[in-house]
Amino acid sequence: MSGRPDADLPPDTQTAEETTTEDAREDAPRVDAPEEAPEDSFEGADEDDEGDEGDDEDLLAARARRARWAAVGTGTLLALAGTAAALIRAAGTAPVLVPGAYACGAAVCALAAVLGSRGRTRRALWTTVAGVMVMALGDQFD
């Protein structure tokens with residue numbers, strides 16, 4: 001048993017009442033099924049299949065384009081934020097390690113933006129995570 005509330009019992013563990021209601025359902029005529037399918041609906045079925053494949057390819061291309069833009073935008077935004085944080089920390093009295101960590105994290109996020117623009121979105125995601133972790137180290141050193 002899967003534990004789901006809609007899971008049915010195996011046939012050997014069902015009660016007699018459940019078995020009779022299932023048999024009655026199988027014997028009953030189906031109301032929602034049409035008696036005959038109209039012949040017109042199958043004309044041009046080959047043309048529809050080709051259109052569906054084209055639609056699927058367009059959908060996949062749109063998703064890939066969206067993922068590339070998201071990777072580029074995220075990497076660029078985080079690179080700018082890391083650069084700004086490095087400049088602000090360098091102007092203050094923070095140890096040298098702090099602005100260096102922010103700058104390195106910004107460079108890694110910029111690399112993620114470049115990877116995202118070239119279509120390497122999975123690598124861009126993990127590179128972005130690594131860049132943010134490096135910037136978090138800079139925050140901890142502060």
Side-chain angles (χ1 to χ4, degrees), residues 1-15 17-19 21-142:
M1 282 213 218
S2 66
R4 296 186 352 221
D6 60 341
D8 291 331
L9 295 173
D12 59 340
T13 60
Q14 292 180 347
T15 62
E17 294 173 3
E18 292 174 349
T19 307
T21 56
E22 286 182 9
D23 291 339
R25 276 190 241 143
E26 290 175 2
D27 295 338
R30 296 189 68 130
V31 178
D32 59 342
E35 292 178 16
E36 279 187 39
E39 295 178 16
D40 312 358
S41 65
F42 292 104
E43 289 181 20
D46 295 334
E47 295 171 7
D48 291 341
D49 291 341
E50 292 173 6
D52 290 342
E53 290 175 8
D55 292 342
D56 290 342
E57 290 174 8
D58 291 341
L59 181 63
L60 290 175
R63 285 184 179 173
R65 189 177 316 113
R66 211 173 312 133
R68 282 194 304 269
W69 277 106
V72 169
T74 304
T76 303
L77 182 68
L78 288 171
L80 289 174
T83 304
L87 291 174
I88 290 171
R89 296 294 184 214
T93 59
V96 177
L97 190 58
V98 174
Y102 279 118
C104 288
V108 172
C109 287
L111 173 66
V114 170
L115 287 173
S117 70
R118 294 185 180 180
R120 306 286 185 182
T121 54
R122 185 174 296 149
R123 290 182 185 166
L125 169 71
W126 289 111
T127 307
T128 302
V129 169
V132 170
M133 289 173 64
V134 171
M135 285 191 269
L137 279 176
D139 190 44
Q140 288 296 315
F141 293 146
D142 192 13

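For the numbers below, each heavy atom of this structure counts, side chains included, while hydrogens, waters and symmetry mates do not.
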Closest heavy-atom pair, P99 versus V96, reported as atoms and distance to 0.1 Å, is CD-O, 3.3 Å
One should read off an interatomic distance between L137 CG and Y102 OH, to the nearest 0.5 angstrom, of 10.0 Å
Correct closest heavy-atom pair for A112 and A124 would be O-CB, 3.3 Å
Distance col, row R122:CZ vs L115:CG, nearest 0.5 angstrom, shows 13.5 Å
Heavy-atom closest pair (M135 atom, G105 atom, distance to 0.1 Å) is CG-CA, 3.7 Å
Rounded to the nearest 0.5 angstrom, the CZ-CG distance for R89 and L97 is 13.0 Å
CG of L125 to OG1 of T121, rounded to nearest 0.5 Å, is 8.0 Å
Count the heavy atoms belonging to other residues, nucleotides or ligands that lie under 6.0 Å from CZ of R120, then report whether that count exceeds 12. no
Closest non-hydrogen contact found for C109 with V132 is SG-N, 4.2 Å
Note: A110 and A79 closest approach over all heavy atoms is N-CB, 3.8 Å
Review point. Just by modelled atom types, is the V114 backbone N or O under 3.5 Å from a matching donor or acceptor in the S117 side chain?
Key: yes
Between G116 and A71 the two heavy atoms that sit nearest each other are CA-CB, 3.7 Å
From the list T128, V129, T127, side-chain contact (heavy atoms from CB on, under 4.5 Å) with V108 holds only for T127
